[in-house]
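First the proteins, then the strands, lettered A, B, ... as listed; each starts at 1. Values below: all heavy atoms of this structure, side chains included; hydrogens, waters and symmetry mates excluded.
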Number of protein chains: 2
Amino acid sequence: MLHTEVVVGIRAMLLEGDIPPGARIPERELCERLQISRTPLREALKVLAAEGLVQLLPNRGARAARLTDQDMRALFEVCQGLEALAGELACERISETQLAAIEAAHADMARHHRDRDLARYYRCNRFIHEAIVTAADNPVLNGLYETVTARIRRARYLTPMTEQRWALAMQEHEAILNMLKRRDGFGLAHILRTHLRHKREEVIRAGFAEDEQTTRAAG
Amino acid sequence: MLHTEVVVGIRAMLLEGDIPPGARIPERELCERLQISRTPLREALKVLAAEGLVQLLPNRGARAARLTDQDMRALFEVCQGLEALAGELACERISETQLAAIEAAHADMARHHRDRDLARYYRCNRFIHEAIVTAADNPVLNGLYETVTARIRRARYLTPMTEQRWALAMQEHEAILNMLKRRDGFGLAHILRTHLRHKREEVIRAGFAEDEQTTRAAG
DNA sequence: ACTGACGATTTTGCATTCAAAATTTCCTAA
DNA sequence: TTAGGAAATTTTGAATGCAAAATCGTCAGT
């Protein structure tokens with residue numbers, strides 16, 4: 001088992017919520033589960049800590065990072081910036097093939113909206129946002145987008161939407177597609193920022209932060 | 001010696017050029033130099049690899065990352081995006097104290113420009129850019145800005161400037177300060193993007209990339 | 001002389017081991 | 001009965017040891 005695979009494996013557990021936010025990460029147990037020794041596991045934890053998925057307390061082990069409202073705000077703001085940049089660059093660089101793929105995904109998404117199929121809707125939604133970043137053709141941007149979006153993915157793609165909000169999101173996506181087709185980088189950046197700002201407000205209103213207040217409320 | 005210190009130490013060596021780009025990193029030697037064993041060193045190398053400062057080849061050790069023109073372009077583009085975002089947020093959140101500090105640094109910088117003292121000029125320059133990011137009051141943005149700018153720092157703050165280009169940069173900084181004072185986030189984002197685009201063109205024209213072509217040319 | 005392959009040496013990756021720190025348990029005293 | 005503290009246990013952080021892979025050096029064959 002390669003080092004990268006260990007990182008990927010644990011990252012997946014964290015993102016799937018397999019290891020819940022705030023939970024302690026017992027080295028021993030994970031070692032047995034992954035059939036590796038502590039050395040590579042600890043290397044992986046250090047990397048994940050650098051990514052912000054894991055919190056490392058000196059002499060007191062690791063815990064799955066927990067997102068506060070403040071973290072959520074910060075992450076969404078950065079995500080806005082990154083997607084806006086991606087939009088601008090994508091308008092300069094996107095190929096017809098890439099654009100066609102996004103257009104197809106958009107059509108699917110509209111259908112899923114009509115069917116009120118939120119899961120499939122979100123899948124298309126995510127594909128479109130990621131395709132725009134890919135079209136920006138900037139590996140550094142891609143990498144940062146990956147790590148930032150990973151941390152807010154559950155909030156972003158699990159939060160339920162009201163009818164009204166969902167309709168607005170669809171409208172925004174119509175605009176996104178239009179701007180892309182017109183290669184209007186400036187306009188695309190603007191609508192992407194707005195779109196994400198709305199999503200953030202929605203997520204925070206839904207109280208998706210992973211504060212211990214949740215625990216407190218439950219206890 | 002704490003784990004973080006090892007990472008910081010090696011990172012410093014890489015950024016200072018103490019370990020030159022493309023150079024192999026012999027574990028044994030660094031261990032002796034830092035008086036630590038291989039375990040913490042290897043953990044640090046994995047973290048630095050995640051940051052992009054080190055390239056890890058399976059079974060073939062680590063080398064200091066080397067920036068191609070493509071990397072340079074990608075990094076500067078992302079840096080533009082991050083500073084533009086920082087500018088917008090800073091206009092909403094900057095305190096009078098922070099603004100005053102930037103204004104003072106700007107005055108110093110103008111003086112160093114008149115004196116043609118490039119080193120001190122760059123020091124003020126860097127302070128101002130970092131202060132804007134700090135004023136954005138977004139820890140995630142701050143962290144990403146740190147890692148991205150670290151990789152291009154040498155190119156950014158060592159490239160010599162022509163009289164003409166230097167004068168233009170000063171003009172741009174006048175505009176930056178004005179936008180900040182007027183809390184014009186939109187305008188600030190714009191001028192920051194332009195400013196950094198100019199810097200990037202200058203750096204790439206100066207051939208600051210760390211391709212092996214340099215080595216080839218030398219050999 | 002040059003190419004290619006074989007063995008020796010070095011280097012990497014990981015498991016194990018050991019000391020220090022933290023946590024838990026249990027006992028004592030108020 | 002409960003609070004405080006000491007011993008035992010667990011857990012962390014780092015050094016060492018070992019097997020596998022890669023690199024280097026040498027030598028045989030062309």
So CD of A:Glu202 and CZ of A:Phe76: to nearest 0.5 Å the spacing works out to 8.5 Å

Just checking A:His112: does its NE2 atom have more than 12 heavy atoms from other residues, nucleotides or ligands closer to it than 6.0 angstrom? yes

Steps toward side-chain hydrogen bond (donor to acceptor under 3.5 Å, both in side chains) verdict (B:His129, B:Asn125): CA-CA 6 Å; B:His129 285 275; B:Asn125 188 312; 3.2 Å; yes

Value in whole Å for how far the P atom of C:dT12 lies from CG of B:Leu30: 11 Å

Could you state the CZ-P distance from B:Arg63 to C:dT11, rounded to the nearest angstrom? 14 Å

Spacing between B:Asn59 atom CG and D:dA21 atom P, to the nearest angstrom: 7 Å

Of A:Pro40 and A:Pro58, the one whose closest DNA chain C nucleotide lies more 5': A:Pro40

Distance below 4.0 Å between B:Arg24 side-chain N/O and D:dA22 OP1 or OP2: no

Can you see if the side chain of A:Arg60 gets near the phosphate of C:dT23 - specifically, an N or O under 4.0 Å from OP1 or OP2? yes

Ion pair B:Arg183/B:Glu96, N-O distance below 4.0 Å: yes

Length of the line joining A:Arg28:CZ and D:dG13:C1', which is rounded to integer Å: 13 Å

A:Arg38 CZ to C:dA15 C1', straight-line distance once rounded to whole Å: 11 Å

Nucleotide of C:dT12, D:dT16, D:dT12 approaching B:Thr39 most closely (side-chain heavy atoms): D:dT16

Is there a donor and acceptor pair closer than 3.5 Å between the side chain of B:Ser37 and the base of D:dA14? no

What's the CD-P distance between A:Glu43 and C:dA15, to the nearest Å? 10 Å

Given D:dG13, C:dG13, C:dA15, which nucleotide is nearest the side-chain atoms of A:Ile36? C:dA15

Find the distance B:Glu5:CD to D:dG13:P and express it as a whole number of Å. 14 Å

Please report, rounded to the nearest Å, how far the C1' atom of C:dC14 is from the CG atom of B:Leu56. 15 Å

If the test is salt bridge (charged side-chain N to carboxylate O under 4.0 Å, His left out), which one of B:Arg154, B:Arg33, B:Arg11 qualifies with B:Asp18? B:Arg33

Phosphate oxygens OP1/OP2 of C:dG13: is one of them under 4.0 Å from a side-chain N or O of B:Arg42? yes

